[in-house]
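Residue numbers begin at 1 in each chain, while the letters A, B, ... track the order of the sequences.
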There are 4 protein chains.
Amino acid sequence: MQSRTPAGRTGRPRNAAADTAILAATREALVELGWSKLTLGDVATRAGVAKTTLYRRWAGKNELVVDAVAELFDELELPDRGSLAADIEGVVLQFAAILARPEAKSGLMAVVAESTRDDALRERIRASIVERQIRLVLEGRERAQCRGELPPEPDPAEAARTVDLIFDVVAGAVVHRTLVSGKPADEDWVRGFTRVLLLGLTAAEPTAAE
Amino acid sequence: MQSRTPAGRTGRPRNAAADTAILAATREALVELGWSKLTLGDVATRAGVAKTTLYRRWAGKNELVVDAVAELFDELELPDRGSLAADIEGVVLQFAAILARPEAKSGLMAVVAESTRDDALRERIRASIVERQIRLVLEGRERAQCRGELPPEPDPAEAARTVDLIFDVVAGAVVHRTLVSGKPADEDWVRGFTRVLLLGLTAAEPTAAE
Amino acid sequence: MQSRTPAGRTGRPRNAAADTAILAATREALVELGWSKLTLGDVATRAGVAKTTLYRRWAGKNELVVDAVAELFDELELPDRGSLAADIEGVVLQFAAILARPEAKSGLMAVVAESTRDDALRERIRASIVERQIRLVLEGRERAQCRGELPPEPDPAEAARTVDLIFDVVAGAVVHRTLVSGKPADEDWVRGFTRVLLLGLTAAEPTAAE
Amino acid sequence: MQSRTPAGRTGRPRNAAADTAILAATREALVELGWSKLTLGDVATRAGVAKTTLYRRWAGKNELVVDAVAELFDELELPDRGSLAADIEGVVLQFAAILARPEAKSGLMAVVAESTRDDALRERIRASIVERQIRLVLEGRERAQCRGELPPEPDPAEAARTVDLIFDVVAGAVVHRTLVSGKPADEDWVRGFTRVLLLGLTAAEPTAAE
DNA sequence: GTCTAATCGAGACGGTACGTCTCGTCTTCAC
DNA sequence: GTGAAGACGAGACGTACCGTCTCGATTAGAC
C-alpha cells in the first residue's frame with residue numbers, strides 16, 4: 001500500500017474506501033480476465049472510481065497487481081501442530097491453497113516475470129509477499145529448535161543459506177507443481193514432499209563407507 | 001514449431017528461413033524489451049519479415065514466445081559424470097545457466113503466467129519445454145539404477161509420482177532461486193541443493209527410535 | 001459538422017480548433033492524393049491530431065470528406081446582376097469554379113458514388129451540399145418573378161417539379177462538363193448553356209401549326 | 001477490353017471464357033458490395049480464376065470496372081420513333097434504365113471520380129462509354145435534319161459545340177437526377193426534360209423587344 | 001463563514017499496438 | 001507459356017488502452 005493522507009495537509013483528503021475497492025476490483029478482474037487482459041480503465045470502472053484516482057495512487061498495473069495479490073498472502077499463519085513435519089505440512093497446504101486461487105495464479109507469476117526487468121518491482125514483491133514467507137520459515141525453525149527437533153545453528157551465515165535454500169525449495173516446488181505441472185498440491189503430494197524435504201535436511205551425511 | 005509445407009500441396013511454399021529468423025528475432029526482442037513490451041510488429045521488422053507472415057505461422061505472442069524459448073532448452077543434455085550426485089549437479093547447472101539468460105527469464109515466466117488461463121498454451125509448454133526435462137530425470141534415474149546407486153522401482157505408479165516430485169522440486173527450486181529470490185544458482189548453491197535432494201530421496205526413514 | 005460540446009457536460013471539452021484543422025487537412029490530402037489514396041491516418045497527421053480524435057468526431061472517410069467538401073460550397077452566393085440571365089450565369093460560373101478545384105473534383109463524385117449504397121450518407125450530402133444549392137434556385141426564381149421576368153407559379157406542385165428539374169439540369173450539366181467531358185465550364189460555355197436553359201423554360205410551346 | 005490471344009504464339013492459349021466470367025463476376029460484386037468494398041481477390045474467386053490471371057489481363061480495379069460497366073451501355077440504341085422528341089425520350093429512358101441498375105450506379109461514378117486524377121482512365125472511359133453516347137447524339141441530329149425538324153448546320157465548329165452541350169446536358173441531368181437527387185428518371189420526368197431541352201434548342205431567340 | 005487547496009467524476013487528448021484485410025508480386029507445380 | 005494455389009512485403013484499417021490533461025464540482029481544515 002502506498003496511499004497516505006499526509007496528516008498535516010490541506011485540501012480534500014483521499015477517500016480511504018477507494019483503496020479497498022480498487023484492490024478488490026483488481027482481484028475480481030484478475031479472476032475474470034487474467035493479467036494480460038486486465039486494464040486499468042476496467043479496474044477503475046469496476047471500483048466505481050475515475051482512472052485519475054487510480055493513477056494518483058499506483059504507478060501502474062504491476063504495482064497495483066502486486067498489492068492486490070499481496071493481500072491474499074496476509075492470511076498465511078503458522079499454527080503450532082506439535083511437530084516440525086506437521087507444521088511444514090500445514091503451512092505448505094495453506095500456501096498451496098492460496099496459489100490455487102485464480103487471482104493468485106494469474107497475477108503472481110506475471111508480476112514475477114515483469115520483475116525480471118524492473119528492480120523496483122522485484123523489491124516491492126520481496127517486501128510485500130516474500131518477506132512474510134521467509135519469516136514463517138524462521139519462525140518454524142525456531143519452534144523446532146525449541147522442541148529439540150532441530151539442532152541449534154552454530155554458524156549464522158550457514159543458517160541463513162539454509163533458510164534461503166528451504167524457502168526456494170518449498171515455494172518453488174509448490175509453484176511449479178501448481179502452475180507448470182498443472183496438478184494440485186494436495187495432502188498426498190504435500191506429505192510426500194515434506195518427507196523428502198525433512199529427510200534431506202536432517203539425515204546424517206552418508207559416511208564414506210556409505 | 002508449427003509450419004510445415006504439407007508435402008503434396010500446390011502454391012508457393014513457405015520460406016523455411018523465415019521461421020529461424022523470426023524465432024531469433026523474438027529472443028533478441030525479449031532480451032532488449034522483455035515480454036510485456038515485445039510487439040509482434042517489432043519482431044517482424046527485426047526478422048525482416050511482414051507482420052502477415054508472422055501471423056500466418058503463429059497464433060499470437062504467447063505461442064511465438066514459447067517456441068522461441070523452447071529452442072533454448074534444446075541444448076540440455078545429461079553427460080555421464082560418474083555418479084548420480086555429479087549427474088544431477090551437472091544438469092541442474094545447465095538448467096540454471098539457461099534460466100539465467102535474459103530471454104529465458106523474461107519469456108518463460110510470462111508464458112507460464114499466461115498458461116494459467118489457456119489450456120492449449122499450457123499443453124504447448126508441456127510438450128515443447130517440460131517434456132524434454134522430464135525425460136532427463138528418467139534417464140538419470142535409469143543410469144543411477146544401472147550403477148546401483150538407486151534401487152529398482154517395484155511399483156510403477158509410485159515411481160511416476162516420485163519422478164514428478166523430483167521434477168517439481170528441481171525445476172521449481174532453480175526457477176524460484178533465479179527469478180524470485182534473484183540470486184544466482186551457482187555451483188555452491190547447486191551442491192547444497194543436490195545434497196539435500198539426494199539425502200531426502202535415499203535416506204532411510206527415521207526409525208521409531210528416531 | 002457533428003461535434004458539439006453539449007453545453008452542460010462534464011469531462012474535458014473537445015478542442016474546437018481540431019475540427020477546422022482536420023477539415024483543412026482533408027482538403028489538402030484530397031488535392032495531393034485524391035479520394036481513393038486518402039487515408040484517415042494521413043489526415044490526422046497533417047492536422048496534428050491523433051487518429052482517435054478523428055474517429056471520435058467522424059464515423060469514417062465518407063462523412064469526413066462530405067463535411068470537408070461542403071465547406072467549399074459555403075461561398076456560393078446569388079448577387080443581383082440585374083437580369084435572370086445574368087444571375088444564372090453568375091451562379092453557374094461560381095458553381096463551376098468550385099467544381100474546378102481539385103479537392104471538389106476528387107471528393108465530390110466519390111462520395112456521391114458511395115452514397116448509392118448508403119442512405120445516411122446520401123442524406124448527409126443532401127443536407128449539407130444540395131440543400132444550399134436548391135435554395136439558390138428558389139431565390140433566383142423569386143427575384144425574377146419580382147422583376148416580372150417569370151410569371152408567378154399557379155400550381156405549387158408543378159413549381160416544385162420545375163425547381164427540381166432546373167436543379168438537376170444545371171448541376172448535372174456543369175458536373176458532367178467538368179468531370180466527364182473534362183472541359184472547363186468557362187464563360188462561353190456558361191453563356192450558351194444559359195441561353196438554352198432560359199429559352200427552354202420560357203419559350204412558348206410551339207403551336208400545333210408549328 | 002485488352003486481352004488478345006496474340007495469334008502466332010506458342011504455349012497454352014488464354015482461356016477466352018475467363019474474360020467473360022471475370023466481367024460478369026465484377027458486375028455481381030458491384031451489386032453486392034459496391035465499388036469501395038469490391039476487391040480483386042473476391043472477383044477472382046467469384047470468376048473461378050486465379051488472381052494472377054486477373055492481373056495479367058487488367059491493370060487494376062479501375063480498368064476492370066470500366067470494362068465491366070461499359071458492357072452495360074452496349075445495349076443503347078436509337079430506334080426511329082418518328083419524331084425528334086420521341087427519339088430523344090426513347091434514348092434518355094434507355095440511358096436512365098441502365099443508370100438505375102446498381103452495378104452502374106456503384107461503379108460508374110466511382111471510376112469517373114477516380115478519372116479526375118488519372119488521364120489514362122479518363123481516356124478509357126471516354127473511348128468505351130462516352131464515345132458511343134456521343135455517336136447517338138450525332139445520329140439523332142442527322143435523322144432530325146433528314147426529317148426537316150432541325151436545320152442543317154452551317155458552321156461545323158458551332159455544330160460540334162452544340163453536340164457537346166447537348167450531351168453534357170442530357171447525360172448530366174439524368175445522372176444527377178438518379179444519383180444525387182435520388183429520384184427515378186421516369187417517363188414523366190423524361191417528357192418534361194425533353195420538352196425543355198427541345199424548346200431551348202429550337203425556339204427563336206427573343207427579339208429586340210425583349 | 002469564507003478561503004484555499006487537494007480530491008473527485010468525467011471524458012478528450014496524442015500515442016502506440018493490435019490483429020485483420022487487401023494490395024500487387026512472386027514462386028511453385030500441373031497441364 | 002498459361003493457370004490455380006497460395007506465400008510474400010507492404011501498409012491502411014478501425015479498435016482498444018495507455019498515461020496525461022483539462023474541466024467543473026466536492027470537501028475538508030485554516031483563517
Which residue lies more 5' along DNA chain E, comparing C:A18 with B:L40 via nearest heavy atoms: C:A18
In terms of the nearest nucleotide of DNA chain E, which residue is placed more toward the 5' end: B:T39 or D:L38? B:T39
Rounding to a whole Å, what distance do you find between [X]:[atom1] and [N]:[atom2]?
X	N	atom1	atom2	value
A:L64	F:dC18	CG	P	11 Å
A:D19	E:dT7	CG	C1'	13 Å
C:Y55	F:dC17	OH	P	17 Å
A:K37	E:dC18	NZ	P	14 Å

Touch class at under 4.0 angstrom, heavy-atom based, for A:G60 against every strand present: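 No contact at all - A:G60 keeps every heavy atom at 4.0 Å or more from the nucleic acid.
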So which atom in B:V43 and which in B:I22 form the shortest heavy-atom distance, rounded to 0.1 Å? CG1-O, 3.9 Å
Quick check: on DNA chain F, is the nucleotide nearest C:G41 upstream (toward 5') of the one nearest B:T52, or the reverse? Name the residue that is more 5'.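 Its nearest nucleotide being more 5', the pick is B:T52.
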On DNA chain F, more 5' by nearest nucleotide between B:T53 and C:D42 is B:T53
Does C:R12 get its side chain close enough to the base of F:dC21, under 3.5 Å, for a donor-acceptor pair?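 Yes.
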Any donor and acceptor pair, going by atom type alone, linking the side chain of B:T39 with main-chain N or O of B:D42 inside 3.5 Å? yes
Tell me whether D:R27 is salt-bridged to D:E71, with the criterion being a basic N under 4.0 Å from an acidic carboxylate O.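 Looking at D:E71 together with D:R27, the answer is yes, because their closest N to O distance falls below 4.0 Å.
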Selection from [options] that lies nearest to any side-chain heavy atom of [X]:
X	options	value
B:K51	E:dG19, F:dC23, F:dA7	E:dG19
C:R14	F:dT22, E:dC18, E:dA12	E:dA12
C:R57	E:dA12, F:dA12, E:dC23	E:dA12
B:A50	E:dA17, F:dG9, E:dT20	F:dG9
B:T10	F:dG6, F:dC8, E:dG19	F:dG6

Taking the cut-offs as 6.0 angstrom to the six-membered ring centre and 45 degrees off its axis, would you call A:K61 and A:W35 a cation-pi pair?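 Geometry flag: set, cation within 6.0 Å and 45°.
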On the nucleotide F:dT2, are OP1 or OP2 found under 4.0 Å from the side-chain N or O atoms that D:R56 carries? no
Could you grab the distance from atom OG of A:S36 to atom CZ of B:R117, nearest 0.5 Å is fine?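 Result: 8.0 Å between the selected atoms.
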